[in-house]
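Just so you know, these numbers use all the heavy atoms, side chains as well, and skip hydrogens, waters and symmetry mates. All values derive from a computational prediction rather than experimental measurement. Residues: numbered from 1 along the sequence shown.
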Amino acid sequence: MTTPHDAVVLAGGAAQRLGGADKPGVRVGGRALLDRVLAACRGADRTVVVGDARPTVRPVRWTREDPPGGGPLAALDAGVREIGTGARTGDGVGVGDARGDGTDGADVLLVLSADLPFLDEDTVHRLLGALADAPDAEAALLTDAGGRDQPLVAAYRVAPLRRELARIAEERGTLAGGPLRQLTGALRLTRVAAGPLASFDCDTWEDIATARARIREHGTVLDEWITAVKDELGIELDVDTGVLLDLARDAAHGVARPAAPLTTFLVGYAAARAGTEGGPEAVAEAARKAAALAQRWAAEQDEAG
């Protein structure tokens, strides 16, 4: 069982190395970088994005650091404060809002930057699990291949996080421009080694080009494409793509090549008519029936031959 948690995503940087481009909105594999990160932390009870409001793949709450562009410490503090308010955000920005419930939030906070194209739910679960397994730790940080801490890919216990943000603000007089090491250096840490790409972030256009090329590698392109289509259409249903590919093959070989896309469309339509109660099972059952029909069709042709 996943530890109950909230999430703060930092999406308000100046992106100077991208020439001031809107980095959270840059698309990799047809999906905005911010949306890719929001998909990875979809299990959060509440999600706050610190940055300028925009349409997103799922509802979130919005806030900004003071002053805007004040750096990651100031942005993190703004996100923590917004999570703690439990305020109704529907009265403010209307795009992509989610409503709070008047509580102070979970005891664990997932903190992520918005420029991680390969972050996935498995990495999030590993961070949360590492923190749960280390009761004396105050934060679980991802470490990259070089062993460097990634404080913006981390799970924090909220009480120590608030304590240290308050201490830094008192000592410096402001959080703006403060380095993250002032925060992590004062916390008891446990660490989680990153997977091959989980900590890859996009700071330059070269990074963006590298990420886009990796998305199209043979071993991942189909999963990336299916995820992008589901996000675009607002579908959260998980289906067995192998079943559908087998169906498309049977229809193409047993009937005619154009039958493949038409048949898979009709299977999807039939599953949709089954309603939300059907779920992946409705897709599998419709695909099974259509595949059997295609095989009977092919058998008749063989007999005629």
Student: Is any side-chain N of the basic residue among R54 and D22 closer than 4.0 Å to the acidic one's carboxylate O?
Tutor: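 Yes, this pair counts.
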Student: Nearest 0.5 Å, please: how far is OG1 in T184 from CG in L161?
Tutor: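 Nearest 0.5 Å value for the CG-OG1 distance: 11.0 Å.
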Student: Can any side-chain N or O of R36 pair as donor or acceptor with the backbone N or O of P117 at less than 3.5 Å?
Tutor: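 Side chain of R36 to backbone of P117: a pair is present.
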Student: Is any side-chain heavy atom of H5 closer than 4.5 Å to a side-chain heavy atom of L128?
Tutor: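 Yes - at least one pair of side-chain heavy atoms lies under 4.5 Å apart.
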Student: Remaining members of W297's ILVMFWY cluster at a side-chain heavy-atom cut-off under 4.5 Å?
Tutor: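 Its cluster partners, ordered by chain and number, are V255.
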Student: At what distance, to the nearest 0.5 angstrom, does CH2 of W225 lie from CZ of R216?
Tutor: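 Between W225 CH2 and R216 CZ, I get 10.0 Å after rounding to 0.5 Å.
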Student: Are the side chains of D246 and R249 in contact, using a 4.5 Å heavy-atom criterion?
Tutor: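 Counting from C-beta outward, R249 and D246 do come under 4.5 Å.
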Student: Just jot down the side-chain contact (heavy atoms from CB on, under 4.5 Å) partners of A292, sequence neighbours excluded, or say none.
Tutor: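 Per chain and number, A292 pairs via side-chain contact (heavy atoms from CB on, under 4.5 Å) with R296.
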Student: Just do the side chain to side chain contact (heavy atoms under 4.5 Å, CB included) check on L165 and R81 with the steps written out, would you?
Tutor: CA-CA 11 Å; L165 287 171; R81 291 176 182 274; over 6 Å; no
Student: Under 3.5 Å, side chain of R188 to main-chain N/O of D136, donor-acceptor pair present?
Tutor: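 Yes.
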Student: If you look only at distance, which donor and acceptor atoms sit under 3.5 Å apart when one is on a side chain in residues 190-199 and the other is two or more places apart or in another chain?
Tutor:
| from | atom 1 | to | atom 2 | distance (Å) |
| --- | --- | --- | --- | --- |
| R191 | NE | D149 | OD1 | 2.7 |
| R191 | NE | D149 | OD2 | 3.3 |
| R191 | NH2 | D149 | OD2 | 3.0 |

Student: So, the side chain of D207 versus the backbone of T204: is there a donor-acceptor pair under 3.5 Å, distance only?
Tutor: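 Checked: pair present.
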Student: Answer yes when E138 and R163 have at least one side-chain N-carboxylate O distance shorter than 4.0 Å, and no when they do not.
Tutor: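 Between R163 and E138 there is a salt bridge, with a charged N closer than 4.0 Å to a carboxylate O.
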Student: Determine whether T210 and W205 satisfy the following criterion, side chain to side chain contact (heavy atoms under 4.5 Å, CB included), listing intermediate values before the conclusion.
Tutor: CA-CA 9 Å; T210 298; W205 287 114; over 6 Å; no
Student: Considering only residues two or more places apart or on different chains, which pairs with a residue in residues 111-152 satisfy ring-ring contact (aromatic ring centres under 6.0 Å, His included)?
Tutor: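 Every ring-ring contact (aromatic ring centres under 6.0 Å, His included) pair that includes a residue of residues 111-152, provided the two are not neighbours, is F118-F200.
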Student: Measure the shortest side-chain to side-chain distance between D122 and V124 over non-hydrogen atoms and say whether it is less than 4.5 angstrom.
Tutor: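 No, too far: nothing below the 4.5 Å cut-off.
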Student: Between the side chain of K23 and the main-chain N/O of C202, is any donor-acceptor distance below 3.5 Å?
Tutor: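 Checked: pair present.
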Student: With sequence neighbours excluded, what pairs up with T63 under the side-chain contact (heavy atoms from CB on, under 4.5 Å) test?
Tutor: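 By the side-chain contact (heavy atoms from CB on, under 4.5 Å) rule, T63 matches V48, V50, A78, E82.
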Student: Using side-chain contact (heavy atoms from CB on, under 4.5 Å) as the criterion, list what pairs up with D66, not counting sequence neighbours.
Tutor: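 Scan of D66 (side-chain contact (heavy atoms from CB on, under 4.5 Å), adjacent residues dropped) gives none.
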Student: State, with a plain yes or no, whether a side-chain heavy atom of L112 is found less than 4.5 Å away from one of V8.
Tutor: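 They are not in side-chain contact.
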Student: If we ignore hydrogens and angles and just use 3.5 Å, is the side chain of D201 paired with the main-chain N or O of D115 as donor and acceptor?
Tutor: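 No, because the side chain of D201 does not come within donor-acceptor range (under 3.5 Å) of the backbone of D115.
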Student: Would you mind listing every ring-ring contact (aromatic ring centres under 6.0 Å, His included) that reaches into residues 238-272, with sequence neighbours excluded?
Tutor: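 For residues 238-272, and leaving out neighbouring residues, there are no ring-ring contact (aromatic ring centres under 6.0 Å, His included) pairs at all.
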Student: Do R172 side-chain atoms and T174 backbone N/O form a donor-acceptor pair below 3.5 Å?
Tutor: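 Yes, because the side chain of R172 sits within donor-acceptor range (under 3.5 Å) of the backbone of T174.
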Student: Is a side-chain N or O of Y156 found less than 3.5 angstrom from the main chain of P151, in a donor-acceptor match?
Tutor: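 Yes, the answer is positive, given that a donor and an acceptor are paired below the 3.5 Å cut-off.
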Student: Spell out, as yes or no, whether a donor-acceptor pair under 3.5 Å connects the side chain of D6 to the backbone of R46.
Tutor: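 Yes; at least one donor-acceptor contact below 3.5 Å.
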Student: If you round to the nearest 0.5 Å, how far is CD of E164 from CG of L73?
Tutor: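 The CG atom of L73 sits 11.0 Å away from the CD atom of E164.
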Student: Considering residues at least two apart in sequence or located in another chain, which fulfil the side chain to side chain donor-acceptor pair (under 3.5 Å) criterion with E171?
Tutor: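 Per chain and number, E171 pairs via side chain to side chain donor-acceptor pair (under 3.5 Å) with R167.
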Student: Which atom pair, heavy atoms only, marks the closest approach of P24 to A32?
Tutor: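 Taking every non-hydrogen atom into account, O-CB, 3.6 Å.
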Student: Do you know the tightest heavy-atom contact between P4 and V108?
Tutor: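 Closest heavy-atom pair between P4 and V108: O-CB, 3.9 Å.
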Student: How long is the straight-line distance from NZ of K289 back to CG of L266, given to the nearest 0.5 Å?
Tutor: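 Going from the CG atom of L266 to the NZ atom of K289 covers 14.0 Å.
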Student: What residues form a salt bridge (Lys or Arg N to Asp or Glu O under 4.0 Å) with R64, not counting sequence neighbours?
Tutor: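 Scan of R64 (salt bridge (Lys or Arg N to Asp or Glu O under 4.0 Å), adjacent residues dropped) gives D52.
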Student: Could you tell me if the side chain of D250 sits less than 4.5 Å from the side chain of T263, heavy atoms only?
Tutor: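 They are not in contact (no side-chain heavy atoms under 4.5 Å apart), so the answer is no.
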Student: Could you report the tightest heavy-atom contact between A228 and G29, atom names first, then the distance?
Tutor: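 Closest approach of A228 to G29, heavy atoms only: CB-O, 3.7 Å.
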Student: Could you check whether any side-chain heavy atom of L34 comes within less than 4.5 Å of a side-chain heavy atom of V57, counting everything from C-beta outward?
Tutor: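 No - every pair of side-chain heavy atoms lies 4.5 Å or more apart.
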Student: Quick check: closest heavy atoms across L131 and R157, and the distance to 0.1 Å?
Tutor: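 Minimum heavy-atom contact is O-NH2, 2.7 Å.
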Student: I need the D223 CG to I215 CD1 distance, nearest 0.5 Å.
Tutor: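 Reported to 0.5 Å precision, the distance equals 10.5 Å.
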Student: Which heavy atom of L244 sits nearest a heavy atom of T264, and at what distance?
Tutor: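 Of all heavy-atom pairs spanning L244 and T264, the closest is O-CG2, 4.0 Å.
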Student: Would you say D77 and E65 make side-chain contact, with heavy atoms under 4.5 Å?
Tutor: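 They are not in contact (no side-chain heavy atoms under 4.5 Å apart), so the answer is no.
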Student: Which residues satisfy the side chain to side chain donor-acceptor pair (under 3.5 Å) test with D35, sequence neighbours excluded?
Tutor: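 None.
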Student: Would a distance-only check, ignoring hydrogens and angles, find a side-chain to backbone donor-acceptor pair under 3.5 Å from R61 to G79?
Tutor: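 Here the side-chain-to-backbone pair does not exist.
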Student: I want to check something: taking the side chain as every heavy atom from C-beta on, are V9 and S113 in contact at a cut-off of under 4.5 Å?
Tutor: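 No, their side chains stay 4.5 Å or more apart.
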Student: Can you measure from CG (L76) to CG (L152) and round to the nearest 0.5 angstrom?
Tutor: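 The distance works out to 7.5 Å.
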Student: Do L262 and V229 sit in the same hydrophobic cluster, where Ile, Leu, Val, Met, Phe, Trp and Tyr count as joined when their side-chain heavy atoms come under 4.5 Å apart?
Tutor: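 The answer is no; the residues belong to distinct hydrophobic clusters.
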Student: Suppose we screen for side chain to side chain donor-acceptor pair (under 3.5 Å). Which residues come up paired with D107, at least two apart in sequence or across chains?
Tutor: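 Partners of D107 under the side chain to side chain donor-acceptor pair (under 3.5 Å) test: none.
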Student: Minimum heavy-atom separation for A287 to V267, with atom names?
Tutor: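 Scanning both residues completely, I find the closest heavy atoms to be N-CG1, 3.8 Å.
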Student: For D144, give me all partners under side chain to side chain donor-acceptor pair (under 3.5 Å), at least two apart in sequence or on another chain.
Tutor: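 For D144, the residues satisfying side chain to side chain donor-acceptor pair (under 3.5 Å) (neighbours in sequence not counted) are R148, Q150.
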Student: What verdict does the side-chain hydrogen bond (donor to acceptor under 3.5 Å, both in side chains) test give for T123 and D120, after you've listed the backbone C-alpha separation in whole Å, the side-chain angles of each residue and the deciding distance to 0.1 Å?
Tutor: CA-CA 6 Å; T123 301; D120 55 18; 2.8 Å; yes
Student: Where the side chain of R58 meets the backbone of A39, is there a donor-acceptor pair that is under 3.5 Å apart?
Tutor: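 Flag not set: sc R58 to bb A39 has no pair under 3.5 Å.
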